[in-house]
Colleague: 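Have a look at this one.
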Amino acid sequence: MIIKLTPQEMYPPQQLAVWKNGEQLNINGLTIDLANLMEGATLPVNAIGSQWLAAPIQRIGGQLLLTLFLPNCPESTEAERFPRDLVDVPDGRVALPGKPAEENFPTLGFAQIDWSLMQSAAQQAEELALATIAELRHTADQALAPLIDAAALQMASEAEEAKLKDWQRYRVLLNRVPEQAGWPTEIDWPAVPA
């Protein structure tokens, strides 16, 4: 398990105490069981009701990766203001930078986790590919607009007519990208017209 820490000033000042037991983290009394997080998957912050999670939780190479807010105040030490990642965190109380929390936190039980929000690596790859297509399509649409106008008004030069066909071909190929055999992870992107 890798725990990244993001310093955050908190008023009123708060304490953070974290315990690890296998793939369970107890954060200020609330236990989060991450054993069901699949390899390559991501669980967004809003899937878990904890104010301490600063970024989506991932499982990469079999290892859990998560980011917690680390409470800071004007008197925080340099280690608290510029914390290092905690790598290969052993079971037990997690040694956080600064003075350990003194407060005894009540046992709050297990966090409700909305596993339906978990995204597999394939889902993430598809979302990224679709976003890339949309971005490239927008670029193509912008390049095509003046060329289409020139052609419609019979004002296009030979060079503009050639560009028009190149951009139209490119846009058709972009629309066919999801039909490729390697979709969404192995994509042969069409070349952008010159």
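All residue numbers in this chain count up from 1 along the given sequence. Because only heavy atoms are used, hydrogens play no part in the values below, and waters and symmetry mates are left out as well, while side chains stay in. Not measured: the values here are computed from a predicted model.
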Colleague: Could you see if V18 belongs to whatever hydrophobic cluster contains L43? Use Ile, Leu, Val, Met, Phe, Trp, Tyr and a side-chain cutoff under 4.5 Å.
Modeller: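 Yes; tracing contacts between hydrophobic side chains, which count when under 4.5 Å, links both residues.
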
Colleague: Report yes if some heavy atom in the side chain of L68 is under 4.5 Å from a heavy atom in the side chain of K4; otherwise report no.
Modeller: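 No; the side chains remain at least 4.5 Å from each other.
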
Colleague: Write down the atom of P184, the atom of A129, and the distance for their closest heavy-atom approach.
Modeller: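 Here P184 and A129 meet closest at O-CB, 4.2 Å.
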
Colleague: Between Q58 and Q119, does any side-chain donor sit less than 3.5 Å from a side-chain acceptor?
Modeller: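 No, because no side-chain N or O of Q58 sits under 3.5 Å from a partner of the opposite role on Q119.
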
Colleague: Do L173 and V177 have side chains that approach each other closer than 4.5 Å (heavy atoms only, starting at C-beta)?
Modeller: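 Heavy-atom side-chain distance check fails, nothing below 4.5 Å.
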
Colleague: Check this for me, if you would: do R169 and D166 make a salt bridge, where the nitrogen-to-carboxylate-oxygen distance has to be below 4.0 angstrom?
Modeller: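 So R169 pairs with D166 through a salt bridge.
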
Colleague: Calculate, to the nearest 0.5 Å, the distance between atoms OH and CG belonging to Y170 and N175 respectively.
Modeller: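 Going from the OH atom of Y170 to the CG atom of N175 covers 10.5 Å.
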
Colleague: Please examine the side chains of I187 and Q180, heavy atoms only from C-beta on, and report whether any two atoms are closer than 4.5 Å.
Modeller: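 With C-beta onward as the side chain, the pair touches.
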
Colleague: For a 4.5 angstrom cut-off between non-hydrogen side-chain atoms, does Q14 reach W52?
Modeller: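 Side chain of Q14 against side chain of W52, heavy atoms only: contact under 4.5 Å found.
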
Colleague: Do you know the tightest heavy-atom contact between F69 and Q51?
Modeller: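 Residues F69 and Q51, closest heavy atoms: CD1-O, 3.4 Å.
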
Colleague: Would you name the heavy atoms of I32 and S50 that are closest together and state the gap between them?
Modeller: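 Here I32 and S50 meet closest at CD1-CB, 4.3 Å.
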
Colleague: Which residue in the set L37, I57, I113 passes side-chain contact (heavy atoms from CB on, under 4.5 Å) when paired with M118?
Modeller: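 Looking at L37, I57, I113, the match for M118 under the side-chain contact (heavy atoms from CB on, under 4.5 Å) is L37.
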
Colleague: How long is the straight-line distance from CG of D33 back to CD of Q24, given to the nearest 0.5 Å?
Modeller: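 That separation rounds to 4.0 Å.
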
Colleague: Would L130 and W189 show up in the same hydrophobic cluster when neighbours are defined by side-chain heavy atoms closer than 4.5 Å?
Modeller: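 Yes: a chain of side-chain contacts under 4.5 Å links L130 to W189.
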
Colleague: According to salt bridge (charged side-chain N to carboxylate O under 4.0 Å, His left out), does anything in residues 131-159 pair up with another residue at least two apart or in another chain? List the pairs.
Modeller: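 Qualifying pairs: R137-D141, D141-R171.
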
Colleague: When rounded to the nearest 0.5 angstrom, what distance separates CG in L16 from CG in L96?
Modeller: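 That separation rounds to 5.0 Å.
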
Colleague: Got M10 and P71 here, is their nearest side-chain heavy-atom distance under 4.5 Å?
Modeller: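 A side-chain contact exists here, since the closest heavy-atom pair is under 4.5 Å.
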
Colleague: With a 4.5 Å heavy-atom cut-off, do P7 and P83 have their side chains touching?
Modeller: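 Sidechains of P83 and P7: in contact.
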
Colleague: Output all residues satisfying salt bridge (charged side-chain N to carboxylate O under 4.0 Å, His left out) with E23, sequence neighbours left out; order by chain, then residue number.
Modeller: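 Here the qualifying residues are R59.
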
Colleague: State plainly whether one hydrophobic cluster holds both V192 and L164, where clusters connect Ile, Leu, Val, Met, Phe, Trp and Tyr through side-chain heavy atoms under 4.5 angstrom apart.
Modeller: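 Hydrophobic grouping puts V192 with L164.
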
Colleague: For a quick test of reading the model, state the closest non-hydrogen atom pair linking V45 to P56 and the distance between them.
Modeller: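 Heavy atoms of V45 and P56 come nearest at CG2-N, 3.7 Å.
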
Colleague: Could you tell me the separation between the CG atom of L128 and the CD1 atom of I133, rounded to the nearest 0.5 Å?
Modeller: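 Here the interatomic distance stands at 10.0 Å.
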
Colleague: Is there a side-chain contact between M1 and L25, using heavy atoms and a 4.5 Å cut-off?
Modeller: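 Yes. Closest side-chain heavy atoms under 4.5 Å.
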
Colleague: Does a side-chain heavy-atom distance below 4.5 Å link N21 with N26?
Modeller: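 No - every pair of side-chain heavy atoms lies 4.5 Å or more apart.
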
Colleague: Testing V89, I3, L34 for side-chain contact (heavy atoms from CB on, under 4.5 Å) with L64, which one passes?
Modeller: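 Only one option passes, and that is L34.
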
